[in-house]
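Just so we're on the same page: letters track the sequence lines, and every chain starts at 1.
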Protein chains: 2
Amino acid sequence: MDRLDKKILRLLQEDATLAVADIAKRVGLSTTPCWRRIQKLEEEGVIKRRVAILDPAKVNARVTVFVSIRVASHSAEWLRRFSEVVGEFPEVVEFYRMSGDVDYLLRVVVPDIAAYDAVYQRLIQKIDIRDVSSSFAMEQIKYTTQMPLDYLVLDKDSRES
Amino acid sequence: MDRLDKKILRLLQEDATLAVADIAKRVGLSTTPCWRRIQKLEEEGVIKRRVAILDPAKVNARVTVFVSIRVASHSAEWLRRFSEVVGEFPEVVEFYRMSGDVDYLLRVVVPDIAAYDAVYQRLIQKIDIRDVSSSFAMEQIKYTTQMPLDYLVLDKDSRES
DNA sequence: CCTGAAATAATATAACC
DNA sequence: GGTTATATTATTTCAGG
């Protein structure tokens, strides 16, 4: 991964509809080698996918709730089951295992508080949780899918990881 | 927005590289009307953009930190300034104004704890914050950009909002 | 608003230096 | 890495239901 790959990634994180020829121009390459780089980045899994980003408000997903969870059990089996259950909820868009006070943190997306309560009820019914605390977001001030590329380690010989 | 638009959105949220002809087939349309629907969804802003999703680990953005912030001032001017500053940090990928105990919540993405500390220092140097609390994620168990479409309100006459 | 055909323009992909 | 073909797709147009 070198400087040019980084530039390409930056562009594709911004706008994945850019034509390869456009990207090539901006990066200072001709289209074929640029295309080959993009292929490689996809094969290596650096680029995982290309997706459409929707406007949450326009699909009635206006409210974000952060759900802090403290659990009873800490077994691997319990976590497996928990992950499975959470995976079934399309309203849960992010799910982290945390250090410290809270064991897990969920970001849940719903149209309103009532819908959140329904999700909450379904969730605690499916799985045993010791303690749940919900925090509501009033406003999403920033949201991006763009990873910071400032920490990328560049290499002359594009290695995989 | 009708049932077919919803299907289209579902597909494009999954994979934005699908050819219009493919989508059309899966949705049960021929390509021209399907293409027109996609155009319309873009014009209406339901589809905001198409982006490449990178593997955080492969671009050295392995660590997620949630930063809870309590502020000194609650003025609109302060928030404007705060938003501006936060916007300059590519490491801050999500930023919410919260209700309740915490005023703001940030999701910060960095390679490691040391890098987080550097971000933290830069941040509190640029802006006056009363209280900051950082929680580290040990593992990202789920992350998706797909909004749940179960709450979409369908209409015979595709209206804008 | 839909189907389907058909023509054109843009782009991706492949072959070759 | 570049240039030049070729194959796919997107995009537009048209006739008709």
Side-chain angles (χ1 to χ4, degrees), chain A residues 1-55 58-60 145-146 149 152-160, chain B residues 1-55 58-59 145-146 149 152-161:
Chain A
M1 203 125 62
D2 65 2
R3 199 176 52 85
L4 295 181
D5 286 329
K6 186 167 160 182
K7 278 192 182 180
I8 292 171
L9 291 176
R10 230 185 258 289
L11 290 168
L12 285 176
Q13 279 201 117
E14 266 281 332
D15 180 3
T17 68
L18 285 172
V20 178
D22 273 359
I23 298 171
K25 198 173 304 170
R26 300 198 200 188
V27 168
L29 274 177
S30 58
T31 100
T32 301
C34 183
W35 179 82
R36 279 195 288 248
R37 278 165 180 268
I38 294 170
Q39 292 302 309
K40 188 136 181 273
L41 289 166
E42 279 169 350
E43 282 161 23
E44 291 172 346
V46 179
I47 297 172
K48 284 208 295 192
R49 55 203 331 204
R50 290 150 184 264
V51 301
I53 302 294
L54 309 187
D55 183 329
K58 300 220 165 123
V59 295
N60 203 18
T145 55
Q146 299 170 34
L149 297 182
L152 238 180
V153 183
L154 302 185
D155 265 318
K156 282 152 197 156
D157 51 296
S158 343
R159 54 180 66 165
E160 33 291 317
Chain B
M1 203 126 60
D2 66 2
R3 200 174 51 83
L4 295 181
D5 286 329
K6 186 167 161 181
K7 278 192 182 180
I8 291 171
L9 291 175
R10 231 185 256 291
L11 290 169
L12 286 176
Q13 278 201 119
E14 266 281 332
D15 180 5
T17 69
L18 286 171
V20 177
D22 273 0
I23 298 171
K25 199 174 303 170
R26 300 199 201 189
V27 167
L29 274 176
S30 57
T31 98
T32 304
C34 183
W35 180 82
R36 277 195 290 248
R37 277 165 181 269
I38 294 170
Q39 292 302 310
K40 187 138 181 270
L41 289 166
E42 280 169 349
E43 282 161 23
E44 291 172 346
V46 178
I47 298 171
K48 284 207 294 189
R49 54 200 336 202
R50 291 149 184 264
V51 301
I53 301 295
L54 308 188
D55 183 330
K58 301 216 165 129
V59 295
T145 55
Q146 298 169 35
L149 297 181
L152 237 179
V153 182
L154 302 185
D155 265 318
K156 283 152 196 155
D157 53 296
S158 343
R159 53 181 66 165
E160 32 290 318
S161 178

### Task
Could you pick out which residue, A/Leu18 or A/Arg36, lies toward the 5' side of DNA chain C when each is mapped onto its nearest nucleotide?
A/Leu18
Gap between atoms [atom1] and [atom2], on [X] and [N] respectively (whole Å):
X: A/Leu4; N: D/dG1; atom1: CG; atom2: P; value: 7 Å
X: A/Arg37; N: D/dG2; atom1: CZ; atom2: P; value: 9 Å
X: B/Lys40; N: C/dC2; atom1: NZ; atom2: C1'; value: 15 Å
X: A/Glu43; N: C/dT13; atom1: CD; atom2: P; value: 12 Å
X: A/Asp5; N: D/dG1; atom1: CG; atom2: C1'; value: 14 Å
X: B/Glu42; N: D/dA10; atom1: CD; atom2: P; value: 12 Å
X: A/Arg3; N: D/dG1; atom1: CZ; atom2: P; value: 11 Å
X: B/Gln39; N: D/dT11; atom1: CD; atom2: C1'; value: 8 Å

### Query
Does the side chain of B/Trp35 get closer than 4.0 angstrom to OP1 or OP2 of D/dT11 through an N or O atom?
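True: B/Trp35 side-chain N/O within range (under 4.0 Å) of D/dT11 OP1/OP2.
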### Task
Tell whether A/Thr32 reaches the base of D/dT3 with its side chain through a donor-acceptor pair below 3.5 angstrom.
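Result: at least one qualifying N/O pair found.
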### Query
Which nucleotide in the set C/dT3, C/dA12, D/dG1 lies at the smallest distance from any side-chain heavy atom of A/Pro33?
D/dG1
### Task
Identify which nucleotide among C/dC1, D/dT11, D/dG2 has an atom closest to any side-chain atom of B/Thr31, counting heavy atoms from C-beta outward.
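Output: D/dT11.
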### Message
Tell me the closest heavy-atom pair linking B/Gln13 and B/Gln146, and the distance in Å.
### Response
OE1-CA, 3.2 Å
### A/Arg26 vs A/Leu18, side-chain contact (heavy atoms from CB on, under 4.5 Å): CA-CA, chis, key distance, verdict
CA-CA 11 Å; A/Arg26 300 198 200 188; A/Leu18 285 172; 3.6 Å; yes
### Message
Under the side chain to side chain contact (heavy atoms under 4.5 Å, CB included) test against B/Ile47, which residue among A/Ile53, A/Asp55, A/Leu54 passes?
### Response
A/Leu54
#### Entry: Side-chain heavy atoms of B/Arg49 within contact of A/Thr17, under 4.5 Å
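SC-SC contact between B/Arg49 and A/Thr17 ruled out.
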